[in-house]
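In this text, all values refer to a predicted model and were calculated from it rather than measured experimentally. First the proteins, then the strands, lettered A, B, ... as listed; each starts at 1.
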Amino acid sequence: MHDIRLIRENPQAFDAAMARRGLDPLAAQILQIDGSRRATQTAMQEAQARRNEASKQVGEIKRTGGNADTLMAEVTALKDKMAELEAKEKELGTQLDGFLSGLPNRLADEVPLGKDETDNKELRRHGTPPTLAATKQHFELGEELGQMDFTNAAKLSGARFTMLTGQLARLERAIGNFMLDLHTSEFGYTEVSPPLMVRDEIVYGTGQLPKFAEDLFRTTTGLWLIPTAEVPLTNIVNGDIIAAEKLPLRLTARTPCFRSEAGSAGKDTRGMLRQHQFYKVELVSITAPEESVAEHERMTQCAETVLKRLEIPFRTIVLCSGDTGFCSTKTYDIEAWLPGQNAYREISSCSNCGDFQARRMNARYRSAGEKNTSFVHTLNGSGLAIGRCLIAIMENFQNPDGSVTLPAALRPYMGGLEKIEAVKA
RNA sequence: GGAGAGGUGGCAGAGCGGUUGAAUGCGGCGGUCUCGAAAACCGUUGUGCGUGCAAACGUACCGGGGGUUCGAAUCCCCCCCUCUCCGCCA
């Protein structure tokens, strides 16, 4: 959500910022609605002031036993006008909010201009893609291992579901545990096990509503299944005023994520790269405004460390203006090397949302002794997507016989197992 | 799912149709006292929005939304949430 005052103060700057998002100038239209809303509000408040004054007089006259009929009639007459002004004010307010809540965040200055993912800029690489005798994709490996079952998943639930069994199922659990342990014990994140179903206003707070409702699943009771733990973790501060000394808040959670994947029909249909349901370890930070840029770098490092420990080659990119998400001022994607696809694929996305979500959530902080509050900054990042991490491990550590060697960091979580091999038929 | 109780300022807790943005206590801030501190005492202490250069003024807010009334924290309706008991259940 944008600050209407900033738009009033500098409409040209606002239009320039939105232009970087590929939007036509909007400030004039917004300010026109804003202006007439304020004029209506002033008129309404003047009428209310008169009503309050007259009503007070009525009370006094009645107490002394006088006749207040004239004044009462005046207020009655005022009511129609007031109702009208109130309705108009509300309508203009709704219009303005609807307008503003549908606009994406301003981008950080250094975000490169670009149209789509082809204009993203690579920042750094780590590790060397392995030279493999034979290269199979994860779903070939998984099915040969007899532990990745798309047939039964489809029987149970249709397309875009996977069922893991045996050591692969355990590996999924091990990866999540490994990531949570790393973030909590080495990076100071607090583990959270949040609700997976949330209310309208919560999904609004992190910006998925109103614009992206079709990407989400909704229960018959009107709750939304979370598309990422970013939603419950960030909204923990919804409506709160936090003491400055408690910042930054660093939270992590491993949760299932539910996504309708509307609009991605035909994309990544094979395998478990793009599913309606997947596990992810999420990182969320709530910071003071001046800390968020440094926190963004730190968070990205935390996510990169996971891949370093797992010995998976990756690269880190900064998304261009056209590819940066709705709420974000700046986003780093980390892409893991997938030998089966001979490409780097997204496995983490770390965003600094500035005060954009905080405004929607009305999440503020107060410094000790200060009277005023300010909006916090919010950041979120995957640390990492578990399903995609499993794929990366399988493809990078595959052996010619179809078995998968486990990276050393995961073996303690696998009961010392060094290699996943095919189950006996 | 059934029955009941309740949601008021940072917290606790009064108020139940008019001068109540809201008693009182705690906490916070400022001061007196003190070498300093504690205690005591005095004063002060909500937020959003609008108008205004400012001082200031106005307005809204007692879970949320409607309604009754000249006037609503107070009366009525709907919704949400919390708690207690019963039922069911991982």
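For U19(B), there is no paired nucleotide, since no Watson-Crick or G-U wobble pair has both relevant distances below 3.5 Å. Pair check for G71(B) finds none; no Watson-Crick or G-U wobble contact set falls under 3.5 Å. Pair check for C29(B) finds G43(B); Watson-Crick or G-U wobble, both atom distances under 3.5 Å. A5(B) is paired with U82(B) under the Watson-Crick or G-U wobble criterion, all donor-acceptor distances under 3.5 Å. Pair check for G52(B) finds none; no Watson-Crick or G-U wobble contact set falls under 3.5 Å. Nucleotide U24(B): paired with A12(B) (Watson-Crick or G-U wobble, both distances less than 3.5 Å). Base pairing analysis places A90(B) opposite nothing; no Watson-Crick or G-U wobble pair with both distances below 3.5 Å involves it.
In this structure, the CD1 atom of Ile202(A) is 16 Å from the P atom of C80(B), given to the nearest Å. Across the protein-nucleic acid pair, Lys56(A) atom NZ and A72(B) atom C1' stand 15 Å apart, rounded to whole Å. Rounded to an integer number of Å, the gap from Asp200(A) CG to G65(B) P is 16 Å. Rounded to whole angstrom, the span from the CD1 atom of Ile241(A) across to the C1' atom of G28(B) amounts to 15 Å. Here G63(B) presents its P atom at 19 Å from CG of Asn238(A), a figure rounded to the nearest Å. Put simply, CD1 on Ile61(A) is 15 Å from P on C70(B), counting in whole angstrom units. Glu86(A) has its CD atom 17 Å from the P atom of G50(B), to the nearest Å. Counting to the nearest Å, the C1' atom of G67(B) and the CE atom of Met82(A) are 14 Å from each other.
Nucleotides U20(B) and G13(B) place their C1' atoms 16 Å apart, quoted to the nearest Å. A gap of 38 Å separates the P atoms of U24(B) and C79(B), to the nearest Å. Spacing between G31(B) and G21(B) at atom C1', rounded to whole Å, works out to 26 Å. Between C75(B) and C85(B), the two P atoms lie 28 Å apart (nearest whole Å). Spacing between A90(B) and G4(B) at atom C1', rounded to whole Å, works out to 27 Å. Only the P atoms considered, A73(B) is 7 Å distant from C62(B), to the nearest whole Å. For the P atoms, the distance from C77(B) to U82(B) is 23 Å, rounded to whole Å. Rounded to the nearest Å, the gap between the P atom of U69(B) and that of C76(B) is 16 Å.
Using a 4.0 Å cut-off between charged nitrogen and carboxylate oxygen, Glu144(A) and Lys136(A) count as a salt-bridge pair. By the 4.0 Å N-to-carboxylate-O rule, Glu261(A) lies too far from Lys267(A) to be salt-bridged with it. Residues Glu74(A) and Arg50(A) are paired through a salt bridge, judged by an N-O separation under 4.0 Å between the basic side chain and the carboxylate. Ion pair Arg359(A)/Asp3(A) flagged as a salt bridge, since at least one NZ, NE, NH1 or NH2 atom sits closer than 4.0 Å to an Asp/Glu carboxylate oxygen. Ion pairing between a basic and an acidic side chain is recognised when a charged N comes within 4.0 Å of a carboxylate O; Glu84(A) and Lys81(A) show no such pairing. The existence of a salt bridge linking Arg8(A) and Asp34(A) is confirmed by a sub-4.0 Å separation between a basic side-chain nitrogen and an acidic carboxylate oxygen. A salt bridge between Lys115(A) and Asp323(A) is absent, with no side-chain N of the basic residue lying under 4.0 Å from a carboxylate O of the acidic one.
Here Arg50(A) lies out of heavy-atom contact (under 4.0 Å) with every strand. Nucleic acid contact class of Asp69(A) (heavy atoms, under 4.0 Å, all strands): none. Nucleic acid contact for Arg359(A): none, since no nucleic acid atom lies under 4.0 Å from a heavy atom of the residue. The residue Ala49(A) sits close only to the backbone: its heavy atoms come under 4.0 Å of sugar-phosphate atoms, none of a base. Lys62(A) comes within 4.0 angstrom of a nucleotide base, judged by non-hydrogen atoms across all strands.
Checked against U51(B), G18(B), C49(B), the side chain of Arg38(A) finds its nearest nucleotide in U51(B). Closest to the Gln45(A) side chain, of the nucleotides C70(B), C49(B), U47(B), is C49(B).
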**Request:** Please step through side-chain contact (heavy atoms from CB on, under 4.5 Å) for the pair Met1(A) and Arg360(A), ending with a clear verdict.
**Result:** CA-CA 6 Å; Met1(A) 183 68 97; Arg360(A) 292 173 159 251; 3.7 Å; yes

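Note on Arg37(A): every side-chain N or O is 4.0 Å or more away from OP1 and OP2 of C49(B). Listed pair Asn52(A) / U59(B) meets the phosphate criterion, a side-chain N or O lying under 4.0 Å from OP1 or OP2. For Arg199(A), no side-chain nitrogen or oxygen approaches OP1 or OP2 of C79(B) to under 4.0 Å. Contact annotation: Arg51(A) side-chain N/O to U59(B) OP1/OP2 distance is not under 4.0 Å. Between Lys79(A) and G71(B) there is a side-chain polar atom (N or O) within less than 4.0 angstrom of OP1 or OP2.
The residue among Thr42(A) and Leu71(A) whose nearest nucleotide of RNA chain B lies closer to the 5′ end is Thr42(A). Nearest-nucleotide mapping onto RNA chain B: of Glu60(A) and Gln48(A), the residue sitting toward the 5' end is Glu60(A).
Applying the 3.5 Å distance criterion, the base of G50(B) shares no donor-acceptor pair with the side chain of Gln41(A).
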